[in-house]
Every structure is written in structure tokens, then in C-alpha cells.
Amino acid sequence: GESFGEDVQQSLLGDCSARWKRQALAVNLAHSINESRRTAEESDFTTLSGRHTYAPDDALTVESGVNWAHSTEQLVERDTSVTLAQLSSVAIWRPLDKPYTANASLRAISVDGGLAGDTRSVSVSLGGTYEFTSNLRLGASTTLTHLNGQSSASWVGNLSANYQGPTQQL
């Protein structure tokens, strides 16, 4: 019968990490190429990601990450290319001797060449909680999003009360 031919695949992987007293960093790289010798089609995929953790003291922690991916396909019918980039960062401030917590986050996404067209999105969130007692907390947050030139804002608040009885030893 008819043979589909032979594919050749090449891959490259890289990984690096470092840790300091109050910081950590990790970076990963992956690249692969798949070639079909019979049809001369080719698929390339590359990703690069990084993650950084920063904790300057016991109360504050900041986690940040960046991801980038690029895919290219050279097919008999047509060529396609998609690139995705994402940046995110989350900060939490929780003083050990205080009854409150504050948090903030930022996320940005960019997609070029996707099926739905190019997309750009940026989102910022702020929030906090206050602990009145070990059983009662009040929390609130707000988020602002900017998508392809359009902005929308939402405010979300919550109030919760819970009670946990004394622990019984069996």
C-alpha cells in the first residue's frame, strides 16, 4: 500500500532555576520541530516561561510569571502562525500581628494570529479581608479589565460569618 513517509522530529529543552534568601527564579525553554519529508510540511513550536517569587518579609509575598509560546505550521494547504504571551503577578500582604489581608493582581495576555483574530487583554484586581474574630471576616474586591480597546469594571463584595465549635477529643 501507499506509505505516509517519514517524519523527523527534533527537540531542545532547557531549564534553569536559582534560589536566594527571599527570592526564587525558574526559567524553562522548549523548542520542537516536526518535518514530514514526503509532503515537505513542517511544524515548529517554541515556549519560554519564567516564574519569580519574592518575599521581602514574612508579611508580603509576590508571585510573578511570564509565558510565551509560538507555533508555526507550514502545510500543503496553507501556512499558519500563532503567538501567545502572558504576564501575571499576584501580591499578598498579610501582617502576622494584624487582622487584615490585602491582595493585588495584574494579568496581561496577547494573542497574535489566533482563529478569533488578535487579542489583547489587561486585568487588574485589588481586594482585602478583615478578620473581626476567628469566626467572622469581611472581604471586598474590585477588578478592572481592558479587552481589545474596551474597558469594563466590576465590584464584588462579600460578607461571611462562620462558627466552629470547640474541638472534641475522642
Participant: Identify all side-chain donor-acceptor contacts of residues 85-107 below 3.5 Å with residues at least two apart in sequence or on another chain.
Facilitator:
| residue | atom | partner | partner atom | Å |
| --- | --- | --- | --- | --- |
| Ser89 | OG | Ser64 | OG | 2.7 |
| Asn103 | OD1 | Gly127 | N | 3.4 |

Participant: Which salt bridge (Lys or Arg N to Asp or Glu O under 4.0 Å) pairs, counting each pair once, include a residue from residues 8-17, with sequence neighbours left out?
Facilitator: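 Residue pairs with at least one partner in residues 8-17: there are none.
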Participant: To the nearest 0.5 Å, what is the distance between SG (Cys16) and CG (Leu25)?
Facilitator: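 One finds 7.0 Å between SG of Cys16 and CG of Leu25.
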Participant: Compare every heavy atom of Asp118 with every heavy atom of Gly113, then report the nearest pair and how far apart it is.
Facilitator: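 Shortest heavy-atom separation between Gly113 and Asp118 comes out as N-OD1, 2.8 Å.
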Participant: Mind running side-chain contact (heavy atoms from CB on, under 4.5 Å) on Thr46 and Leu48 for me, showing each step along the way?
Facilitator: CA-CA 7 Å; Thr46 305; Leu48 177 63; 5.8 Å; no
Participant: Is there any ring-ring contact (aromatic ring centres under 6.0 Å, His included) pair reaching into residues 7-36, and which pairs are they, with sequence neighbours excluded?
Facilitator: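 Listed once each, the pairs would be none.
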Participant: Run the side-chain contact (heavy atoms from CB on, under 4.5 Å) test on Val122 and Leu147 for me, step by step, so that the C-alpha distance in whole Å, both residues' side-chain angles and the decisive distance to 0.1 Å come before the verdict.
Facilitator: CA-CA 7 Å; Val122 176; Leu147 175 63; over 6 Å; no
Participant: May I ask you to test the Ile33-Glu42 pair for a side-chain heavy-atom distance under 4.5 Å?
Facilitator: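 Side-chain contact under 4.5 Å: yes.
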Participant: Out of curiosity, Glu35 CD to Asp44 CG, how far, rounded to the nearest 0.5 Å?
Facilitator: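 One finds 8.0 Å between CD of Glu35 and CG of Asp44.
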Participant: Quick one, Asn34 with Asp7, criterion side-chain contact (heavy atoms from CB on, under 4.5 Å). Give me CA distance, side-chain angles, the key distance, then yes/no.
Facilitator: CA-CA 7 Å; Asn34 188 49; Asp7 282 8; 3.7 Å; yes
Participant: In the structure I gave you, are the side-chain heavy atoms of Leu84 and Ile109 within less than 4.5 Å of one another anywhere?
Facilitator: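 Side-chain contact under 4.5 Å: yes.
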Participant: Side-chain polar contacts of residues 65-72 - donor-acceptor pairs under 3.5 angstrom, sequence neighbours left out - could you list them?
Facilitator:
| residue | atom | partner | partner atom | Å |
| --- | --- | --- | --- | --- |
| His70 | ND1 | Thr83 | OG1 | 2.6 |
| His70 | NE2 | Thr72 | OG1 | 2.8 |

Participant: Would you name the heavy atoms of Asp79 and Leu75 that are closest together and state the gap between them?
Facilitator: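 Smallest heavy-atom distance, with atoms named: OD1-N, 3.5 Å.
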Participant: Any salt bridge (Lys or Arg N to Asp or Glu O under 4.0 Å) involving residues 52-77? Give me the pairs, sequence neighbours left out, ordered by first then second residue.
Facilitator: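 As it turns out, the salt bridge (Lys or Arg N to Asp or Glu O under 4.0 Å) pairs with a partner in residues 52-77, which skip direct neighbours, are Arg22-Asp58, Arg51-Glu63.
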Participant: Remaining members of Val8's ILVMFWY cluster at a side-chain heavy-atom cut-off under 4.5 Å?
Facilitator: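 Val8 clusters with nothing; isolated.
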Participant: Hey, is the main chain of Val76 close enough, under 3.5 Å, to the side chain of Glu41 for a donor-acceptor pair?
Facilitator: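 Side chain of Glu41 to backbone of Val76, a donor-acceptor pair under 3.5 Å: yes, one is there.
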